Amino acid sequence: FTVSEMPGEHPVTISPVNNRHFRYVRFLISQDTINSVAEVAFYGQKDELLQGNLIYQGNFSLDGPPKAATDGNPLTYAEGLSGNNYIGWDLQRPTSIKKITYIARNDGNAIQPGDRYELLYWNQKWVSLGKKKADTTFLTYSGVPKNALFWLRNLSNGREERIFTYEGNKQIWW
């Protein structure tokens, strides 16, 4: 599979169509497409996370070492500095791959499924439109006033919050 465009701030899942078994798997970090990756994971036929010995090649940033792409934390990342670098695993035995997930370097400020949020708007003070747990990567609120200044707070994680407006159905960050 080839990553042809920069992924967003949410995990991407691909399901390779291949019945072969592989002992070695790798994720190539190329200067041509993506040079930082927050997480990479390979899964077997029973949806189990495949683990093995970390293997890598290339020139990585000290702030973005290869092991950061496999630590389960989407806020850390591996950053290739030049050329083609890869991160992968020696699975110790040939294994079938059911799916691969990856996420680009990000700041974790997008809507994350499982997190709780509160949407507020300004009317001489901050007024809550309610608290919700995200089931997907977007939230829907009813009774939202027009031409208002909004503040979406993540009650589960994160500290970087910004106010925003909607202009012509487009979110404008301030």
Side-chain angles (χ1 to χ4, degrees), residues 1-18 25-29 33-52 54 63-79 87-89 95-122 126-146 148-174:
F1 181 79
T2 300
V3 177
S4 57
E5 60 185 52
M6 184 64 122
E9 57 276 325
H10 294 101
V12 175
T13 300
I14 59 165
S15 299
V17 180
N18 191 322
V25 292
R26 66 184 184 149
F27 187 90
L28 180 67
I29 302 172
T33 55
I34 179 175
N35 69 342
S36 297
V37 62
E39 288 297 313
V40 178
F42 292 81
Y43 294 84
Q45 290 303 312
K46 297 179 182 175
D47 264 348
E48 74 278 14
L49 175 64
L50 298 177
Q51 298 182 3
L54 180 66
D63 292 332
K67 66 181 179 181
T70 65
D71 63 3
N73 182 352
L75 299 181
T76 61
Y77 59 92
E79 179 177 42
I87 299 166
W89 292 264
T95 305
S96 179
I97 308 295
K98 180 179 179 181
K99 71 180 178 182
I100 303 165
T101 62
Y102 62 94
I103 184 170
R105 178 180 174 181
N106 70 92
D107 58 11
N109 286 327
I111 304 295
Q112 300 296 331
D115 282 2
R116 291 190 44 79
Y117 295 87
E118 180 178 24
L119 180 62
L120 303 106
Y121 69 95
W122 183 254
W126 289 109
V127 179
S128 178
L129 288 167
K131 298 176 183 178
K132 291 188 175 191
K133 182 178 178 181
D135 295 323
T136 64
T137 57
F138 62 90
L139 293 168
T140 303
Y141 279 85
S142 57
V144 177
K146 292 184 179 185
L149 181 64
F150 298 100
W151 177 21
L152 182 65
R153 297 181 55 217
N154 184 330
L155 304 174
S156 302
N157 292 300
R159 296 278 186 261
E160 295 180 27
E161 298 171 343
R162 290 172 51 193
I163 56 175
F164 61 95
T165 57
Y166 270 98
E167 298 173 20
N169 289 329
K170 184 175 181 182
Q171 189 174 26
I172 308 296
W173 295 100
W174 295 90

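Computed from a predicted model, the values in this text were never measured in an experiment.
The shortest heavy-atom contact between Pro16 and Ile100 is CG-CD1, 4.1 Å. Heavy-atom minimum distance, Ile87 versus Ala69: CD1-CB, 3.7 Å. The heavy-atom pair separating Glu118 from Leu155 by the smallest distance is CB-CD1, 4.1 Å. Taking both residues in full, the closest heavy atoms of Trp89 and Val40 are given as CH2-O, 3.4 Å, listed atom of the first, atom of the second, then distance. The minimum heavy-atom distance between Thr137 and Ile111, with the atom names listed, is O-CB, 3.3 Å. The shortest heavy-atom contact between Gly44 and Leu50 is N-CG, 3.5 Å.
For the atom pair NE2 of His10 and OG1 of Thr101, the computed distance is 14.0 Å after rounding to the nearest 0.5 Å. To the nearest 0.5 angstrom, Leu149 atom CG is 12.5 Å from Ile172 atom CD1. Taking CG from Leu119 and CH2 from Trp126, the interatomic distance works out to 9.5 Å, rounded to the nearest 0.5 Å. A distance of 10.0 Å separates CH2 in Trp122 from CD1 in Ile163, rounded to the nearest 0.5 Å. A distance of 9.0 Å separates CG of Leu120 from NZ of Lys131, quoted to the nearest 0.5 Å. In this structure, CG on Leu54 lies 9.5 Å from NZ on Lys67, to the nearest 0.5 angstrom.
Scored by the salt bridge (Lys or Arg N to Asp or Glu O under 4.0 Å) test, Lys99 finds Asp47 as partners (sequence neighbours excluded). Contacts of Tyr117 classified as side chain to side chain donor-acceptor pair (under 3.5 Å), with partners at least two apart in sequence or in another chain: Asn154. In this structure, the side-chain contact (heavy atoms from CB on, under 4.5 Å) partners of Leu49, at least two apart in sequence or on a different chain, are Ala41, Tyr43, Gln51. Considering only residues two or more places apart in sequence or on other chains, Trp173 meets the ring-ring contact (aromatic ring centres under 6.0 Å, His included) condition with Phe164. Residues that satisfy the side chain to side chain donor-acceptor pair (under 3.5 Å) test with Thr165, not counting sequence neighbours, are Glu167, Trp174.
With hydrogens and angles ignored, the 3.5 Å screen pairs a side-chain donor or acceptor of Tyr141 with a backbone N or O of Gly130. Distance alone, capped at 3.5 Å, places no donor-acceptor pair between the Lys98 side chain and the Glu48 backbone.
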Considering only distance and modelled atom types, tabulate donor-acceptor pairs under 3.5 Å from the side chains of residues 72-79, sequence neighbours left out.
unit_1, atom_1, unit_2, atom_2, d
Asn73, OD1, Leu75, N, 2.9
Thr76, OG1, Ala68, O, 3.2
Thr76, OG1, Asp71, OD1, 3.0
Thr76, OG1, Asp71, OD2, 2.6
Thr76, OG1, Asn73, O, 3.0
Tyr77, OH, Arg105, NH2, 3.2
Glu79, OE1, Ser61, OG, 3.4

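The aromatic rings of Phe27 and Tyr102 sit tilted, their planes meeting at an angle between 30° and 60°.
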Item to check | Stepwise side-chain contact (heavy atoms from CB on, under 4.5 Å) test for Thr95 and Phe42 | outcome: CA-CA 10 Å; Thr95 305; Phe42 292 81; over 6 Å; no

